[in-house]
Amino acid sequence: MVPRYSRPEMTAIWSAENRYRIWWQIEVFAAEAMGKIGMIPAGDAAKIREAYDANVLGQIDIDAIDKIEAVTKHDVIAFLTWAGEKLGPERRWLHQGMTSSDVLDTALAVQLKQSADLLFEDVEALLKVIKRRAFEHRLTPTIGRSHGIHAEPTTFGLKLAQAYAEFMRNRERLLAARDTVATCAVSGAVGTFAQVPPEVEEHVAKELGLSVEPVSTQVIPRDRHAMFFATLGVIASSIERLATEIRHLQRTEVLEAEEYFSPGQKGSSAMPHKRNPVLTENLTGLARMIRGYVTPALEDVALWHERDISHSSVERFIGPDATITLDFALARLANVVDKLVVYPERMQKNLDRMGGLVHSQRVLLALTQAGLSREESYALVQRNAMKVWESDGQLSLLELLKADPEVSIRLSSDELNALFDLGYHLRHVDSIFDRVFGTSA
């Protein structure tokens, strides 16, 4: 976790304070359930719950727990030793029949669920911004590019509508990933419930807002976590896709849109004229980092027998780092889109730059409808289009076609003029927007 790319609310989820609070909840809720079923004295269970309600732990003393762990070499035992000192004799019922993974895995599930809830809010905020800007530029014409080369006209609003639809899919993926990873396991040493019955797990799960793990070993199966982190990787790739588009549009030769450049901002230590796409370049780098956490999560799935701890060190990195970084990246992207400076005039200029080549397909189709084969039609249009291409747009495709006798004999001047109508390419924009945003939008 790098403070430069962290936001306080997500960082707090992964703090030692929050982790220990969750551990304490698990122990208390487990003891409470044990008291209800007569596994431990009901009076002692009530005392433990009363201590919890009275916040007997107060401020978590991280240093004190660390000192105990320095001796025990075991984090859960260190915490239980420290927390037990806040109780009376009833402390002996803490962790009754449980194993460390019951606490660690269930707590991780809570933290991942908390993180997913915050990431969901981030995605919702981003969707709201993208939608607003998409409607703002619903009919702002711009050139569509394939292979980086001018293709046919589209609108800037449609570019953003694509991003909106993609992040709507990410929204659903995130919800599914959250539900998949939000499971509780309090099933004992090898998951057989030999020392702690299923009723205890069910109570803890209910109190924490989790589902019960149908069958665990000593740990919750890591395919759940692999899906969660893979989903974060997909969302990161979507962030990079939109960031890369903005970076391209800000290139000097293109300059159809650019990141907001605030008063007093400096683009280069050497060149005072520079306005660089630093935020979207940063997002590209952050996306690479988030995707980098996916492979370790996948490799954590294959653990030895009922449990090993090869996954533990991995998750101590990727849990906080992936969620904190994605939280920051989603917020940064929302800010970029919100303040993005768009230049419709430059879009139109670029659209017109190549002498009407963007309308070549319409002429091709019109010639086939006039009776020529597709091959003949293609050859006629291409030979004129290449003259325009080689002139760097100084020649007009429309005028060349009108002067070509093999074309003009089949298509009149008025018919050719109609084929170069920009509005023709935009006539289905509203239909696409209805598909993406719904007719009520």
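Side-chain atoms are counted along with the backbone in the values below, which use heavy atoms only and exclude waters and symmetry mates. Predicted, not measured: the structure shown is a model, and the values here were computed from it.
- In this structure, S396 contributes its side chain and E399 its backbone to a donor-acceptor pair below 3.5 Å.
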Verdict with reasoning, E213 to T183, per side-chain hydrogen bond (donor to acceptor under 3.5 Å, both in side chains): CA-CA 5 Å; E213 181 60 49; T183 60; 3.0 Å; yes
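- Without hydrogens or angle criteria, R275 side chain to G267 main chain gives no donor-acceptor distance under 3.5 Å.
- Between the side chain of T192 and the main chain of G188, no donor-acceptor pair closer than 3.5 Å is present.
- Side-chain contact between L419 and L411: present, with at least one pair of heavy atoms (C-beta onward) separated by less than 4.5 Å.
- Checked by atom type and distance alone, the side chain of Q250 pairs as donor or acceptor with a backbone atom of E259 at under 3.5 Å.
- Of the possible donor and acceptor atoms, one in the side chain of T217 sits under 3.5 Å from a partner among the backbone N and O of E306.
- Cation-pi contact between R21 and W23: absent, since separation from the ring centre below 6.0 Å together with deviation from the ring axis within 45° is not met.
- A salt bridge links R7 to D327: at least one charged side-chain nitrogen sits closer than 4.0 Å to a carboxylate oxygen.
- For CZ of R427, the number of neighbouring non-hydrogen atoms (other residues, nucleotides, ligands) closer than 6.0 Å is greater than 12.
- Checked for salt-bridge contact, E240 and R291 meet the test: a charged N lies under 4.0 Å from a carboxylate O.
- For the residue pair I324 and S6, the shortest heavy atom distance occurs at CG2-OG, 3.4 Å.
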Full working for side chain to side chain contact (heavy atoms under 4.5 Å, CB included) between L232 and L119: CA-CA 9 Å; L232 302 193; L119 291 171; 3.8 Å; yes
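- Annotation: F420, atom CZ; neighbour count of heavy atoms from other residues, nucleotides and ligands within 6.0 Å is above 12.
- Side-chain contact check for S216 and S187: at least one donor-acceptor pair (N or O, by modelled atom type) lies under 3.5 Å.
- The two atoms that bring A322 and I290 nearest to each other are O-CG1, 4.3 Å, heavy atoms only.
- V129 approaches A334 most closely through the heavy-atom pair CG1-O, 3.7 Å.
- By the neighbour-count criterion of 12 heavy atoms within 6.0 Å, atom CZ of R132 is densely surrounded, having more than that number from other residues, nucleotides or ligands.
- Between R383 and E406, at least one side-chain nitrogen of the basic residue sits less than 4.0 Å from a carboxylate oxygen of the acidic one, meeting the salt-bridge criterion.
- Contact check on R362 versus D421 returns no salt bridge, with no Lys/Arg side-chain nitrogen under 4.0 Å from an Asp/Glu carboxylate oxygen.
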W14 and R19: CA distance, side-chain angles, deciding distance, side chain to side chain contact (heavy atoms under 4.5 Å, CB included) verdict: CA-CA 7 Å; W14 295 101; R19 181 174 71 253; over 6 Å; no
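- In this structure, T368 and L372 have side chains that are not in contact, with every pair of non-hydrogen atoms separated by 4.5 Å or more.
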Side chain to side chain contact (heavy atoms under 4.5 Å, CB included) evaluation trace for N18 with S15: CA-CA 5 Å; N18 188 51; S15 67; 3.5 Å; yes
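- A donor-acceptor contact shorter than 3.5 Å is absent between the side chain of S312 and the backbone of I309.
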Steps toward side chain to side chain contact (heavy atoms under 4.5 Å, CB included) verdict (I143, E256): CA-CA 10 Å; I143 185 61; E256 295 178 358; 4.0 Å; yes
Candidate pair F135 and F437, rule ring pair (Phe, Tyr, Trp, His ring centres under 6.0 Å), full reasoning: CA-CA 10 Å; F135 273 89; F437 301 103; 4.9 Å; yes
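- Crowding of M289 atom CE: a count of heavy atoms from other residues, nucleotides or ligands under 6.0 Å not exceeding 12.
- Put simply, the side chain of V181 does not reach to within 4.5 Å of the side chain of F229, judged on heavy atoms.
- The closest side-chain heavy-atom distance from L249 to F156 is below 4.5 Å.
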Stepwise side-chain hydrogen bond (donor to acceptor under 3.5 Å, both in side chains) check, E69 with T72: CA-CA 5 Å; E69 186 181 352; T72 65; over 6 Å; no
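- Using a 4.0 Å cut-off between charged nitrogen and carboxylate oxygen, D392 and R353 count as a salt-bridge pair.
- Checking side-chain atoms of N335 against main-chain N and O of A331 turns up no donor-acceptor pair under 3.5 Å.
- At distances below 3.5 Å, not a single donor-acceptor pair connects side-chain atoms of T325 with backbone N or O atoms of L286.
- Between A78 and I68, the shortest heavy-atom contact is CA-CG2, 3.6 Å.
- Remark: aromatic rings of F79 and Y20 are close, center separation under 6.0 Å.
- More than 12 heavy atoms of other residues, nucleotides or ligands lie within 6.0 Å of CD in E17, so this atom counts as buried by the packing criterion.
- Listed here is the closest heavy atom pair of V204 and C184: CG1-SG, 3.9 Å.
- Put simply, CZ on R346 and OG1 on T142 are 11.0 Å apart, with the number rounded to the nearest 0.5 Å.
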side-chain hydrogen bond (donor to acceptor under 3.5 Å, both in side chains) assessment of N276 paired with E281: CA-CA 9 Å; N276 301 328; E281 287 177 341; over 6 Å; no
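- Pairing each heavy atom of G356 with each of L397, the nearest pair is O-CD2, 3.6 Å.
- The six-membered or imidazole ring of H359 lies near that of H425, with a centre-to-centre distance under 6.0 Å.
- Side-chain contact check for M98 versus I26: some heavy-atom pair is nearer than 4.5 Å.
- The closest side-chain heavy-atom distance from L330 to I235 is below 4.5 Å.
- Residues W304 and S310 bring no donor and acceptor atom of their side chains to less than 3.5 Å of each other.
- For the pair R251 and E245, the salt-bridge criterion is not met [side-chain N within less than 4.0 Å of a carboxylate O].
- Of the possible donor and acceptor atoms, none in the side chain of D105 sits under 3.5 Å from a partner among the backbone N and O of V219.
- Side-chain contact check for R247 versus P277: some heavy-atom pair is nearer than 4.5 Å.
- Both the sub-6.0 Å distance and the 45° axial angle are not jointly satisfied by R169 relative to the ring of F167.
- Side-chain contact check for E166 versus L242: every heavy-atom pair is 4.5 Å or farther apart.
- No side-chain donor-acceptor contact under 3.5 Å links E136 to the backbone of R133.
- Under the 3.5 Å distance criterion, with hydrogens and angles disregarded, no donor-acceptor pair is assigned to the side chains of H225 and T180.
- The CD atom of E27 sits 4.5 Å away from atom CG of L80, with the distance rounded to the nearest 0.5 Å.
- T155 and R138 share no donor-acceptor pair across their side chains, judged by distance under 3.5 Å alone.
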Chi angles and distances behind the side-chain hydrogen bond (donor to acceptor under 3.5 Å, both in side chains) call for Q25, Y52: CA-CA 8 Å; Q25 288 179 317; Y52 169 79; 3.2 Å; yes
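- When each of E258, K349, Q348 is tested with Y343 by the rule side-chain hydrogen bond (donor to acceptor under 3.5 Å, both in side chains), just one qualifies, namely E258.
- Using a cutoff of 4.0 Å between basic side-chain nitrogens and carboxylate oxygens, R410 and E415 are not scored as salt-bridged.
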